[in-house]
Amino acid sequence: MAINPSKSSRFETLPTEISRSIIDLFAFWEVKRLSCASKSVREACLLSLFRCIEIAFSDDGFNGLKSLIELDTRYYIVSFTYVVPELLKAEIYDAGGEADEYPLYMRSIVDTGVDLSVLSLTFGLLPRLADVRLSFCEAIEDDSSLWPFTTEMTTRVDSYEHYVRVVSHAIRSSRNRGAVIRTISLSRLDLPYYSTWKVPDLSSLLESLRKLLESVKLDMCRMVAKHNALEDFLEMNKRYIRCIGFHDVKVTGSSPLESNLSELSLSMLYKMLKVL
C-alpha cells in the first residue's frame with residue numbers, strides 16, 4: 001500500500017500539549033523509536049527525550065556535556081544527574097608504583113578545575129533546569145583495570161566535600177545568569193557511621209552543604225543509613241534545610257550490631273528533626 005507523504009497522521013494533527021501528554025505515557029525507548037517517525041513527531045518528542053540527562057564524572061562526560069550545550073536541545077533539559085565516584089587519596093598518586101596503572105582522569109579533572117568550569121557554564125545555559133541530582137557511586141566498580149586498589153585508597157568524605165562544593169558553586173554562578181534550580185537530590189549518599197571515640201572531621205563537608213542547601217529543596221533518595229548517622233546529618237544541617245523530601249531511604253539500627261532495615265517514615269523524620 002502506498003503512503004501519501006503529504007498527508008499527516010492523526011497524531012501529528014493533535015495540539016502540542018495533548019501529543020506531549022500522550023508521549024509522556026511511553027517508555028523512553030518507545031519515545032526514541034517514535035521520534036524517528038517524522039520531523040514533526042520528533043519535535044513533539046524532544047521534551048521527553050531530553051527532559052532528564054545523566055553525565056558522569058569523566059573526560060568523556062564533560063566533553064559530551066560541552067557538545068550538548070551548543071545544541072538547541074539544551075532548552076528542553078529540566079533534570080540533570082551528575083554521577084560521581086569516590087576519589088582516590090592524593091598520596092596514592094604520589095606513591096607511584098601500582099598507582100601508575102590508574103587512569104589519571106580523576107586527578108586531572110580535579111587539579112585543572114574542569115568539573116567546576118564546565119558545570120558552572122552548563123547550569124547557566126539550561127534555562128529550564130530545575131532539578132540537580134548528585135548520584136554517588138564507588139570509584140572502581142566498573143573498571144577492571146583498577147583491581148589492585150582497595151577501599152582504603154579512596155577518601156569518601158573528601159569526595160563528598162569536593163562534589164558538593166563544585167555543584168554548589170556552579171549553582172550559585174548559574175543564578176547570576178537567571179537559572180532557577182529548585183531541588184537538590186542526594187542519591188546513594190553513604191553517611192559515615194562512627195563511634196564516639198573516632199569522630200571524622202566533617203566541617204568542610206558541612207560548610208559546602210550549607211551553601212548547597214541555600215534556597216533549594218533537599219531530596220534524599222536510594223540511601224541506606226544508620227539511624228544515628230542520619231539523625232546527626234539532619235541535626236547538623238537543619239538550620240539550612242528549608243524543605244526536605246525522601247524516597248527509597250532505608251534506616252538501620254542505632255548500633256553496628258543492629259542490622260534490621262526499615263523504610264524512613266515521616267514520623268521517624270519528625271523525631272530526628274525534633275519536630276512536634
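Numbering starts at 1 and runs along the sequence shown. A quick note: this is a predicted structure, and the numbers were derived from the prediction, not measured.
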For a quick test of reading the model, state the closest non-hydrogen atom pair linking L186 to M223 and the distance between them. O-SD, 4.1 Å
Closest non-hydrogen atom pair, E231 against K271: OE2-O, 4.4 Å
Gap between atom [atom2] of [Y] and atom [atom1] of [X] - 0.5 Å precision:
X	Y	atom1	atom2	value
H169	S120	NE2	OG	5.5 Å
T122	F62	OG1	CZ	9.0 Å
I53	L65	CD1	CG	6.0 Å

Can a donor-acceptor pair be found between the side chains of S265 and S267 at a distance below 3.5 Å? yes
Taking atom types as modelled, is there a side-chain donor on S38 or R42 under 3.5 Å from an acceptor on the other? no
For a 4.5 angstrom cut-off between non-hydrogen side-chain atoms, does [X] reach [Y]?
X	Y	value
L134	R188	no
H162	D115	yes
V83	F57	no
V224	T252	yes
R133	C221	yes
T183	L218	no
R182	I184	no
F80	F123	yes

Please enumerate all residues that pass side chain to side chain contact (heavy atoms under 4.5 Å, CB included) together with L121, with sequence neighbours excluded. I69, L125, R177
